[in-house]
Protein chains: 2
Amino acid sequence: MDERSLLLLGLLLVQSQHGYQLNEFIERNLSRVTDMKKSTAYATLDRLCDAGFVDKHMEQEGNRPPRKVYAMTSAGKQHFYDMLRENLSHADQMNFASDIGMMFLDHLSRKEVLKLLESRLHQLQTQVDAYASAPKHRYGLGVDFAIEHHLVHLRADVTWLHSIIHRIKEDESDDGIE
Amino acid sequence: MDERSLLLLGLLLVQSQHGYQLNEFIERNLSRVTDMKKSTAYATLDRLCDAGFVDKHMEQEGNRPPRKVYAMTSAGKQHFYDMLRENLSHADQMNFASDIGMMFLDHLSRKEVLKLLESRLHQLQTQVDAYASAPKHRYGLGVDFAIEHHLVHLRADVTWLHSIIHRIKEDESDDGIE
DNA sequence: TATAACATGTAACAAGTTACATGATTTC
DNA sequence: GAAATCATGTAACTTGTTACATGTTATA
């Protein structure tokens, strides 16, 4: 995914940083926006370096482990803006893992389907609570937009799941198999 | 993604099929639910075979190219039900590529952001129309549930984008940079 | 005679994950 | 003296994509 590069370049545009610093920031503040792992960040930074989008130089404070500090190049800035425009203007096709399961509902008994979906509903509601109680204004406006966006989708999902569960309960006709 | 296996196993549970047949079905009827490519399906079928979840045998009609027909094993059925239960009961963390871009809105001028987001809005609306006009009851109830699910999220996204655009228009304070 | 449909893939690549490794320093 | 924090990764693996290859038969 190219969003990982966009994210790293965006953070480096604000200020030059070393890998550990970027990873800490992402883990502490952006865990709701991305699931990028640390090794992936290090590897992506290497790639951005090879591509000439960032420069790196070593720094060391006292006896602490040496750091590789990454800084944007002008090619990197250009690339960032290109990717940002692409990202903002394009609505990419969403695919939900759970839709595959929905296709095969009739392979389980109505009772079990209800149990499973209610468990999912419960998890969704937990997620809604987590996002709704997220502290505001942590890093510019952008993160708050992203959190709001998540909430919108989570709440839509909750409403939809409620409706599906309701309809399955109503439906006395089919008792499924297995 | 394990949903690709779940999908293939689910289709094979209904009836034994060869790869080409599965791919045709997916392309014609499930393009709104999955974006799995043909080579991926062939490779996944191989893996399912190696894992003992499906058996394969050759068939040939006249001089036509030979087919590999895949059929579920009992281990495969068990695996299918395990994955289905997991899939239905679990709400996996959603991540939206577009949220990364939203974080860096302030790096572009208000005017350009509006132009970009309006383009995205237009694409979203096209997608809504496509899903809303999708023919019903193509393969059991499940596909319709999935399409309805997509529509729910697409419409939520449209509403949200509208609101974001509106707020950006209102906001006279910040004119962005670059 | 060309091209679409039938049926299978392979090879090369890109991206991401997990689990592990290293070694110093600060804190409990 | 143990554990957490600082700071970097590598190796092995999995998954998926793209572009290409192959050869037959029916259709226009």
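Lettering of chains follows the sequences in order, A, B, ..., and the numbering in each one begins at 1.
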**Message:** Checking salt bridge (Lys or Arg N to Asp or Glu O under 4.0 Å) between B:Glu27 and each of B:Lys37, B:Lys38, B:Arg32, which is the one that passes?
**Reply:** B:Lys38
**Message:** Rounded to whole Å, how long is the line connecting atom CG of A:Asp50 with atom P of C:dA15?
**Reply:** 12 Å
**Asked** Expressed in angstrom and rounded to an integer, what is the separation of B:Leu7 atom CG from D:dG16 atom P?
**Response** 12 Å
**Request:** Establish, with yes or no, whether the OP1 or OP2 oxygen of D:dT14 is under 4.0 angstrom from a side-chain nitrogen or oxygen of B:Arg47.
**Result:** no
**Asked** If you measure only the distance, is there a donor-acceptor pair under 3.5 Å linking the side chains of A:Arg167 and A:Ser163?
**Response** yes
**Message:** Heavy atoms only, 4.0 Å cut-off, all strands: where does A:Asp35 land among base, sugar-phosphate and nothing?
**Reply:** sugar-phosphate
**Message:** Testing the 3.5 Å rule here: is there a donor-acceptor pair between the side chains of B:Gln125 and B:Asp129?
**Reply:** no
**Protein-nucleotide distance (A:Arg28, atom CZ; D:dC6, atom C1'), rounded to Å** = 11 Å
**Complete:** Which of D:dT18, C:dG16, C:dT8 is nearest the side chain of B:His18? It is C:dT8
**Request:** Whole angstrom is fine here: how far is it from CD in B:Gln21 over to P in C:dA5?
**Result:** 17 Å
**Request:** Check the distance between D:dC6's P and A:Glu27's CD and give it to me in whole angstrom.
**Result:** 11 Å
**Prompt:** Does C:dT8 have OP1 or OP2 sitting under 4.0 Å from an N or O in the side chain of B:Arg67?
**Reply:** no
**Prompt:** Want to settle it: does A:Pro66 or A:Ser39 sit nearer the 5' end of DNA chain D, counting the closest nucleotide to each?
**Reply:** A:Pro66
**Prompt:** Once you round it to whole Å, what is the distance between P of D:dT18 and NZ of B:Lys38?
**Reply:** 13 Å
**Asked** Atom CG of B:Asn23 and atom C1' of C:dC6: how far apart are they, to the nearest Å?
**Response** 12 Å
**Fill in**
Taken to the nearest whole Å, OH/A:Tyr70 to P/D:dT8 is 7 Å
**Request:** Identify which nucleotide among C:dG16, D:dT17, C:dT8 has an atom closest to any side-chain atom of A:Arg4, counting heavy atoms from C-beta outward.
**Result:** C:dG16
**Item:** Between B:His162 and B:His166: side-chain donor-acceptor atoms closer than 3.5 Å
**Value:** no
